[in-house]
Amino acid sequence: MALPATYRRVRVAKLSTQFREAVEIVTQTMPRPGPGEVLVRNRYIGINASDVNYTAGRYNPGTAPPFDIGFEAVGQVVQTGGSDCAGIKEGDAIAVMYDGAFSEYNIVPARRTFKLPRLAAEYVPLLVSGLTAAISLEDLGNLGPEKTVLVTAAAGGTGQFAVQLAKAAGCKVIG
């Protein structure tokens with residue numbers, strides 16, 4: 001597959017609670033992956049409240065713009081940096097949680113990717129929202145049968161996963 005010479009990405013140009021004021025679209029030269037890295041063509045990205053909080057400077061105080069934005073993407077590997085790529089190869093569908101997802105292409109460490117059975121948008125919510133719910137319930141909440149779980153934001157992305165995970169574990173869910 002022939003790659004374009006340049007690609008576009010969204011980056012934070014200034015801190016602001018107004019997302020459109022905070023970001024800009026820049027054109028960059030197409031990078032090449034190094035050892036243990038893959039070049040991914042992002043096909044689907046997740047947009048979360050975390051992105052707005054990040055552009056407002058609420059995460060990583062002291063980080064000065066410009067910086068990349070976007071935390072989760074699903075895409076296709078278009079180039080690898082050699083044999084040390086954790087079994088990931090060109091053409092693989094992958095999910096990734098890595099800064100800079102609001103980009104047409106991304107270089108990411110192969111070890112930070114999740115291989116998928118197919119390229120599909122449905123996998124995006126599993127990353128930030130699904131993992132947040134799972135970690136919160138299982139690791140911090142000691143999820144188990146017959147427990148009562150209160151989900152205060154059951155209609156949100158993470159809340160929907162929390163309700164489903166708690167019900168699947170045999171819990172009584174309020175939310």
Side-chain angles (χ1 to χ4, degrees), residues 1-15 19 22-140 157-158 161-162 165:
M1 170 181 170
L3 296 173
T6 61
Y7 71 102
R8 293 174 301 168
R9 71 184 315 119
V10 176
R11 72 175 181 191
V12 177
K14 71 175 189 172
L15 298 179
F19 189 82
V23 299
E24 64 184 0
I25 298 173
V26 296
T27 301
Q28 293 189 279
T29 303
M30 184 64 68
R32 291 188 162 271
E37 296 178 328
V38 294
L39 176 62
V40 179
R41 179 177 180 215
N42 290 335
R43 300 303 300 268
Y44 308 102
I45 61 168
I47 301 172
N48 300 288
S50 301
D51 299 305
V52 175
N53 288 327
Y54 199 38
T55 61
R58 293 185 185 116
Y59 296 160
N60 302 327
T63 301
F67 55 83
D68 292 334
I69 187 73
F71 299 113
E72 60 188 348
V74 167
Q76 187 169 29
V77 176
V78 294
Q79 199 172 67
T80 67
S83 60
D84 188 25
C85 288
I88 303 295
K89 62 187 183 314
E90 287 183 28
D92 283 349
I94 57 107
V96 63
M97 289 179 59
Y98 201 71
D99 291 349
F102 292 1
S103 179
E104 292 175 320
Y105 292 86
N106 261 49
I107 294 276
V108 296
R111 63 181 172 74
R112 300 275 310 263
T113 65
F114 303 93
K115 200 169 182 177
L116 300 172
R118 62 187 172 83
L119 189 62
E122 299 88 69
Y123 294 110
V124 175
L126 295 173
L127 298 169
V128 172
S129 295
L131 287 174
T132 298
I135 291 167
S136 297
L137 290 171
E138 294 170 11
D139 293 351
L140 302 173
T158 301
F161 279 107
L165 289 170

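Since the model is a prediction, treat every value here as computed from it, not as a measurement.
From L165, atom CG reaches atom CG of L137 across 6.0 Å, with rounding to the nearest 0.5 Å. In this structure, CG on L127 lies 12.0 Å from CD1 on I45, to the nearest 0.5 angstrom. With rounding to the nearest 0.5 Å, the separation of CZ in F161 from OG1 in T132 is 10.0 Å. In this structure, OG1 in T6 is found 7.0 Å from CE in M30, a value given to the nearest 0.5 Å.
Between the side chain of T113 and the backbone N or O of A110, at least one donor-acceptor pair lies under 3.5 Å. Side chain of Q76 to main chain of G91: a donor-acceptor pair is present (N/O by atom type, distance under 3.5 Å, no hydrogens or angles).
Nearest heavy-atom pair across A13 and P65 is O-CB, 3.3 Å. Scanning all heavy atoms of the two residues, the minimum distance from T55 to A22 falls at CB-CB, 3.8 Å.
At a threshold of 4.5 Å between non-hydrogen side-chain atoms, the residues L3 and Y105 count as touching. With contacts defined as side-chain heavy-atom distances shorter than 4.5 Å, the pair T80/P33 does not qualify. Side-chain contact between R118 and Y123 is present, with heavy atoms from C-beta onward closer than 4.5 Å. Side-chain contact between L116 and V74 is present, with at least one heavy-atom pair separated by less than 4.5 Å.
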What's the verdict on side-chain contact (heavy atoms from CB on, under 4.5 Å) for V23 and F102, showing C-alpha distance, side-chain angles and the deciding distance?
CA-CA 11 Å; V23 299; F102 292 1; over 6 Å; no
After noting the C-alpha distance and the side-chain angles of Y7 and N106, does the key distance pass the side-chain contact (heavy atoms from CB on, under 4.5 Å) rule?
CA-CA 10 Å; Y7 71 102; N106 261 49; 5.6 Å; no
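Judged as a side chain to side chain donor-acceptor pair (under 3.5 Å), the pairs with a partner in residues 60-72 (not counting sequence neighbours) are, in order, R9-D68, N48-E72.
With sequence neighbours left out, E24 forms a salt bridge (Lys or Arg N to Asp or Glu O under 4.0 Å) with R11. Residues satisfying the side-chain contact (heavy atoms from CB on, under 4.5 Å) criterion with P109, sequence neighbours excluded, are Y98, R111, R112. Considering only residues two or more places apart in sequence or on other chains, K89 meets the side-chain hydrogen bond (donor to acceptor under 3.5 Å, both in side chains) condition with D92. Looking at residues two or more places apart in sequence or on another chain, you find a ring pair (Phe, Tyr, Trp, His ring centres under 6.0 Å) between F71 and Y54.
Atom CZ of R58 sits in a crowded spot, with more than 12 heavy atoms from other residues, nucleotides or ligands closer than 6.0 Å.
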Extract all donor-acceptor atom pairs below 3.5 Å that involve side chains of residues 36-43 and protein atoms in other chains or at least two apart in sequence.
unit_1: E37; atom_1: OE1; unit_2: G34; atom_2: N; d: 2.6
unit_1: N42; atom_1: ND2; unit_2: A101; atom_2: O; d: 3.2
unit_1: N42; atom_1: ND2; unit_2: S103; atom_2: O; d: 2.9

